[in-house]
Amino acid sequence: MRGNRSDVRAGGPEVRGNGADLGRPEVREAWPARLVAWSAMSDAGSSPAVTTPGGPSFRYNARLAGEIEARWQNRWDVEGTFNTPNPTGPLSDGFDAVAAAKKLFVMDMFPYPSGAGLHVGHPLGFIATDVFARFKRMTGYNVLHTMGFDAYGLPAEQHAVATGQHPRINTESNVATYRRQLRRLGLGHDPRRAVSTTDRDFLEFTQRVFLRIFNAWFDSEATNPLGGLGAARHIDTLIASFADGSRTTPDGRAWSAMTEPERRTLVDSYRLVYSAEVPVNWCPGLGTIVANEEVTADGRSDRGNFPVFKRNMTQWLMRITAYSERLTDDLDLVDWPEPVRLMQRNWIGRSFGARVNFASAAGDIAVFTTRPDTLFGATFMVLAPEHELVIALTTTAWPSDTDARWTGGHATPATAVMAYQSAAASKSDVDRQVEAKTKTGVFTGSFATNPVNGRPVPVFIADYVLMGYGTGAIMAVPSGDQRDFEFARQFGLPIEATIRPPDEWFAEHHTPPSLDCATWPTAYAADGPAMNSSNETLSLDGMGKADAIAAMNSWLEQNGCGHGTVQTKLRDWLFSRQRYWGEPFPIVHDEIGPIGVPESMLPVDLPDTDQFAPRSFDPNDAQSEPERPLDRLTEWKNATLDLGDGRGMRTYVRETNVMPQWAGSCTYYLRYIDPTLVEAITVDENERYWMGERGVDLYVGGVEHAVLHLLYSRFWHKVLFDLGVVGTPEPFGRLFNQGYIQAYAYTDRRGMYVEASDVEDRNGEFFYEGEKVNREYGKIGKSLKNMVSPDDMCEAYGADTLRLYEMSMGPLEQSKPWDTRAVSGAHRLLQRVWRVVVDEDSGESRVTDETASNDDLVALHKTIDAVRAAMDDLRVNTPIARITELTNHLTSTYPNGSPRTLAEPLVLLIAPYAPHLAEELWSRLGHPQSLIREPFPVADVTYLVADTVEIPVQINGKVRALLTVATGADGASLEAAARADAKVAAQLDGKTIRKVIAVPGKLVNFLVS
RNA sequence: GCGGGUGUGGCGAAAUUGGCAGACGCGCCAGGUUUAGGUCCUGGUGUCGAAAGACGUGCAGGUUCGAUUCCUGUCACCCGCACCA
């Protein structure tokens, strides 16, 4: 059933095709309303507990945990416990109290709120950041930690298409579910900052950042704030430089001599956001084009797994390539996992080489090569089938004596080229990959001139040359490049050596050394002395690779036919999507071209409609054309506006592409800082405070975003940095990739998944309804029927148990299997901690005023020391083992109640992991206020160094005895003590001692024979 | 093919600079509490062996008095990129 329009956007602003909708609405949603809603949603209440309520009345079980957790979550909300003050602005209440503290900005990669809700794998990182944040709060930091929602995107739209319900409704209900589930975990987030990218204020923020980028250009001469060359500048600085003549126009005419359309077109071509006809990935199955990053290795769409076709289309792009150097270099500034930095470096793919021009009848053909030193060996050229010069190079008839292999069986080059081009265009990347083993191509009929030796070289087109990299054309050096080698062999082209391979190379290939490449098994791509590489003014002969490249580059430059250059794999970011559920571009078009909407007229709302479905096509229909849903809304699309540029009310056509889902996540950390801000991106005082010197202090998320979100985000941040909006060169100072939690899944004889929770384990064999089933290991989710939701775990054990279990599973960065059975171990620990403080029968406190023994204090302070040491490195698992040991020590030493001086630190130690339980115990210990900012225990070093130490005594490296000695004992006294030991003496009796190694504090080792 | 990572009990895993391998938990075994099951509590649990002891951190070497840790080679699995000139 489909609701009427007012149902669809209940309470939302009216949207009409006139100027009014661009203005600021009168009333904005106030955040406290959200808070009220949160409190109302608190907990489902009575839930079946797995840990049965049969025991003593005050035993810590699921029921009691549920009560405690609901009570403290409500209290935290009511008291605004996690409200973090900003230095200034509406959220600055209480800042004075923390002004002297250090700041800490902790973030999780915010989730996409999917319809399935959370499973137990999702919150692993969220819990870890919460544990870390809580620990840091207790050590005196002013901690900013919250959680937003990345809520635009394809799945919501696809769900909407499937159900006919507007994506906003679906999205809002998913967000509500996520909020409820996250709240139930006791995450200490500032609820006032818990934004969604689909919020109207957030949309305005995203569009404002977009406009700043749109209204900027990259001045490669400008000095950026780090002192390097190249920076984004406001587009007006470009116009000014044209106007005053300090920058010449491409055709040399004076700015004043150009017409308005010419000026606009010229300026637009410089913007960091521009439209151009480019090869794109067209995905008919999704009905949209997708970014390179969204195409899988086998040439399919990341989402939906549909074939993707290369097409030339006019699209919006962001000039991320302008930043490729800084995006590479500045990876040195951040504390990130090395694999992620490496992946980014490889993705950007900078390589050093030369650009070389080959003259042809159709003009110069530019190529990029990393091996200009092999230019003398270039015996043919290959262009990508889509290369712009192909048509001009294609002759009407084959030159006489054209090799039959070069024609593809066609009568003329024109038909051969056309046939090859259309075949290439209809091939998806999948096909291209499958056929990659054999080289294909056709001759254009033209020759170009090798600039170093003046020899004519035939020009081919072939799909092994990619339009998207370099210039889309290569010089082929078959002796030095395996792909060119294979092509040359296949087409009977000459192969000439310009590098002398070492004899070992021939030996490895079982080939006699020879400089006749006809005998070579493969190309030789490594270093070696150059040969056959000289002309009248240049000789590389005898040089090594590095010298030869340098010599060639300067020769090319002197002779005006090339120069050394840097090439990247990274391409400009394809920024437009032909969909509905995304941020509209704040752009309108007049008869000349695009115009950015003034910031004062933001946001440009997504128009309400029930016609939101994009048109998708037969997934294999490469010839289909994308249709933009917004294009159909002619009333919205044709808008009469006064843009405030002095031209008054005019009719414009709105841009009908929407932004990709990555847009909302690019700068959301700035939104966390100032969630109420509407006129600006940031307020300096707040941004400088929270971002500090190095940006976000800790950013935790999965490694799947290593090159997508994290690269885009760095790019936007750098533009804002150049423009002075933010004060750090990098957004995320420290990145941590948490592992995934996976789970077992079970299939029956037919290979169908069966409900994992109903499978019985009988000594390593698995049975479902009496039948043996097969165990697999994979992602948690509905499709493998192994879904475990955090709600289930909260009901069975309580949130504190779930938190503790997830943190104890192993190192945070490691992937590990979920094991519901093992959760009870965490629950038992919490029960023991509870019993340290509370009598299970009476519910009364059982702590005593007894004095703790020296042994107790040693145990306590060692635990404190270990917990503190591990926490900064996010080694969240080992502190739990230490806390368990301490708890076991207390329960066995004091079965009837522990001394308060031990119980209180224990409660504080476990507080970051099990905050509800800890709050409850803390209050039962007589403290009226929350322990959230209670100082974390500090280890007293006097208890860390014991008076005596137990050391092993080895004989020939085997431990034979243990010795208790004074801590400071030197080597000689260690040896003496060891010899005095009866067991050792017996072992040594009758043997010759050749050597004694005595390491103070470590061991004694007797070497005997 | 190129680049990166990981291999330790039945399972998840510990082990500051090389110095008692297996902390802590799950599971399992035994006992206690309980009307019973479950819960909860106590003890045991790397392998072989009755024991003494021997063996043991993917495999093969090396350095060292001593190696999970350092070096060389190798195997397996996982991840990223992939006709990038």
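Below, read A as the first sequence line, B as the second, and so on, with proteins coming before strands; counting in each chain starts at 1.
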>> For B:A23, does the base pair up with any side-chain atom of A:Arg882 as donor and acceptor (N or O, under 3.5 Å, distance only)?
In response: yes

>> So if I take every side-chain heavy atom of A:Asn346 and compare against B:A85, B:G25, B:G3, which nucleotide ends up nearest?
In response: B:G3

> Closest to the A:Leu1007 side chain: B:C65, B:G12, B:C26?
Replying inline: B:C65

>> Regarding A:Leu962, tell me which of base, sugar-phosphate or nothing describes its non-hydrogen contacts under 4.0 Å with the strands shown.
In response: base

> In the structure shown, which nucleotide is the Watson-Crick or G-U wobble counterpart of B:G56, with both distances under 3.5 Å?
Replying inline: none

> Going through the distances and angles, do A:Arg489 and A:Glu486 end up as a salt bridge (charged side-chain N to carboxylate O under 4.0 Å, His left out)?
Replying inline: CA-CA 5 Å; A:Arg489 278 279 163 88; A:Glu486 287 164 14; over 6 Å; no

>> Would A:Thr964 and A:Ile951 count as a side-chain contact (heavy atoms from CB on, under 4.5 Å) here? Give the steps.
In response: CA-CA 6 Å; A:Thr964 302; A:Ile951 63 160; over 6 Å; no

> Rounded to whole angstrom units, what separation is found between the CD1 atom of A:Ile993 and the C1' atom of B:C65?
Replying inline: 14 Å

> Is the centre of the A:Phe380 ring less than 6.0 Å from the centre of the A:Phe491 ring?
Replying inline: no

>> Once you apply a heavy-atom cut-off of 4.0 Å, does A:Asp484 come out as touching a base, just sugar-phosphate, or nothing?
In response: nothing

> Among B:U39, B:G25, B:A85, which is the nearest nucleotide to the side chain of A:Phe368?
Replying inline: B:A85

> Using the C1' atom in both, what is the distance from B:C11 to B:G22, to the nearest Å?
Replying inline: 13 Å

> When all nucleic acid strands are considered with a 4.0 Å heavy-atom cut-off, which category describes A:Ser815: base, sugar-phosphate, or nothing?
Replying inline: sugar-phosphate

>> Of the listed nucleotides (B:G12, B:C83, B:A85), which one gets closest to any side-chain atom of A:Ser351?
In response: B:A85

>> Side chain of A:Arg835 only, heavy atoms from C-beta on: which candidate in B:A15, B:C40, B:C20 is closest?
In response: B:C40

>> I need the single residue from A:Val457, A:Val459, A:Asp364 that forms a side chain to side chain contact (heavy atoms under 4.5 Å, CB included) with A:Phe358. Which is it?
In response: A:Val457

> With both distances under 3.5 Å as the test, what is the Watson-Crick or G-U wobble partner of B:A85?
Replying inline: none

> Counting side-chain heavy atoms from C-beta on, which of B:C20, B:A85, B:A23 comes nearest to A:Asp481?
Replying inline: B:A85

> Honestly, is A:Arg803 close enough over A:Tyr913, meaning NZ or CZ under 6.0 Å from the six-membered ring centre and within 45° of the axis?
Replying inline: no

>> Within the 4.0 Å heavy-atom criterion, would you say A:Asp819 contacts the bases, only the backbone, or no part of the nucleic acid?
In response: sugar-phosphate

>> On the nucleotide B:C26, are OP1 or OP2 found under 4.0 Å from the side-chain N or O atoms that A:Ser824 carries?
In response: no

> When rounded to the nearest Å, what value does the distance between P atoms of B:G19 and B:C41 take?
Replying inline: 35 Å

>> B:G25, OP1 or OP2 - any side-chain N/O from A:Arg828 closer than 4.0 Å?
In response: no

> Nearest to the side chain of A:Lys995, which nucleotide is it out of B:C83, B:G25, B:C65?
Replying inline: B:C65

> Do A:Lys569 and B:C81 share a donor-acceptor pair, side chain to base, under 3.5 Å?
Replying inline: no

> In the structure shown, which nucleotide is the Watson-Crick or G-U wobble counterpart of B:C11, with both distances under 3.5 Å?
Replying inline: B:G25

> How is A:Arg355 classified with respect to the nucleic acid when contacts are heavy atoms under 4.0 Å: base, sugar-phosphate, or nothing?
Replying inline: nothing

> Start at the 5' end of RNA chain B and walk down; is the nucleotide closest to A:Arg371 or to A:Glu885 reached first?
Replying inline: A:Glu885

> OP1, OP2 of B:C40 versus side-chain N and O of A:Gln831: anything below 4.0 Å?
Replying inline: yes

>> With rounding to the closest Å, how many angstrom separate the P atoms on B:G38 and B:C28?
In response: 11 Å

> Hey, which of A:Trp818, A:Tyr740, A:Tyr744 is the one that makes ring-ring contact (aromatic ring centres under 6.0 Å, His included) with A:Tyr777?
Replying inline: A:Tyr744

> Base of B:G58 relative to its sugar, syn (within 90° of 0) or anti?
Replying inline: anti

>> Can you tell me which nucleotide in B:A54, B:C65, B:A85 comes closest to the side chain of A:Asn1005?
In response: B:C65

> Contact class for A:Thr878 vs. all strands (heavy atom < 4.0 Å): base, sugar-phosphate, or nothing?
Replying inline: sugar-phosphate

>> Categorize A:Thr891 for me: base, sugar-phosphate, or nothing, with a 4.0 angstrom heavy-atom threshold over every strand shown.
In response: nothing

>> What's the gap between B:G7 and B:A82 when it is taken at their C1' atoms, as a whole Å value?
In response: 26 Å

>> Under a 3.5 Å cut-off for both contacts, is B:G31 paired Watson-Crick or G-U wobble with anything, and if yes, with which nucleotide?
In response: B:C41

> Does A:Arg821 place a side-chain N or O at less than 4.0 Å from the phosphate oxygens OP1/OP2 of B:G25?
Replying inline: no

> Under a 3.5 Å cut-off for both distances, is B:C70 Watson-Crick or wobble paired, and to whom?
Replying inline: B:G62

> Would one find a side-chain N or O of A:Asn877 under 4.0 angstrom from OP1 or OP2 of B:A14?
Replying inline: yes

> Touch check for A:Ala822, heavy atoms < 4.0 angstrom, all strands: base, sugar-phosphate only, or nothing?
Replying inline: sugar-phosphate

>> Side chain of A:Thr884 only, heavy atoms from C-beta on: which candidate in B:G25, B:C81, B:A13 is closest?
In response: B:G25

> Taking the six-membered ring of A:Tyr464, is NZ or CZ of A:Lys439 closer than 6.0 Å to its centre and within 45° of its axis?
Replying inline: yes

> B:U39, B:C41, B:A23: which one has an atom nearest the side-chain heavy atoms of A:Ala881?
Replying inline: B:A23

> Does B:A76 have a Watson-Crick or wobble mate here (both distances under 3.5 Å), and if so which one?
Replying inline: B:U6

> If you find the nucleotide of RNA chain B closest to A:Leu342 and the one closest to A:Tyr744, which residue's nucleotide is nearer the 5' end?
Replying inline: A:Leu342

>> Distance alone, cut at 3.5 Å: any donor-acceptor contact between the side chains of A:Thr568 and A:Tyr469?
In response: no

>> Taking only the P atom of each, what is the distance from B:G61 to B:G1 in whole angstrom?
In response: 28 Å

> Contact class for A:Glu950 (heavy atom, under 4.0 Å): base, sugar-phosphate, or nothing?
Replying inline: base

> Between A:Asn888 and A:Arg832, does a side-chain hydrogen bond (donor to acceptor under 3.5 Å, both in side chains) hold up when you go through it step by step?
Replying inline: CA-CA 8 Å; A:Asn888 293 348; A:Arg832 291 200 293 277; 2.9 Å; yes

> Heavy atoms under 4.0 Å, any strand shown: does A:Arg345 hit a base, just sugar-phosphate, or nothing?
Replying inline: nothing

> For B:C20, what is the paired nucleotide under Watson-Crick or G-U wobble rules, both distances under 3.5 Å?
Replying inline: none

> When the P atoms of B:G43 and B:C48 are considered, how many whole Å apart are they?
Replying inline: 25 Å

>> side-chain hydrogen bond (donor to acceptor under 3.5 Å, both in side chains), that's the test. Do A:Ser808 and A:Asn877 meet it? Break it down for me.
In response: CA-CA 4 Å; A:Ser808 70; A:Asn877 53 326; over 6 Å; no

> How far, in whole Å, is B:G58 from B:A54 if one measures between their P atoms?
Replying inline: 22 Å

> What is the nucleic acid contact for A:Gln954, judged by heavy atoms within less than 4.0 Å: base, sugar-phosphate only, or nothing?
Replying inline: base

> Roughly how far apart, to the nearest Å, are B:U47 and B:C29 at atom P?
Replying inline: 15 Å

>> Whole angstroms only, please: what is the CG-P distance between A:Asp841 and B:U39?
In response: 19 Å

>> Classify A:Ile474 by what it touches in the nucleic acid, base, sugar-phosphate, or nothing, heavy-atom distance under 4.0 Å.
In response: base

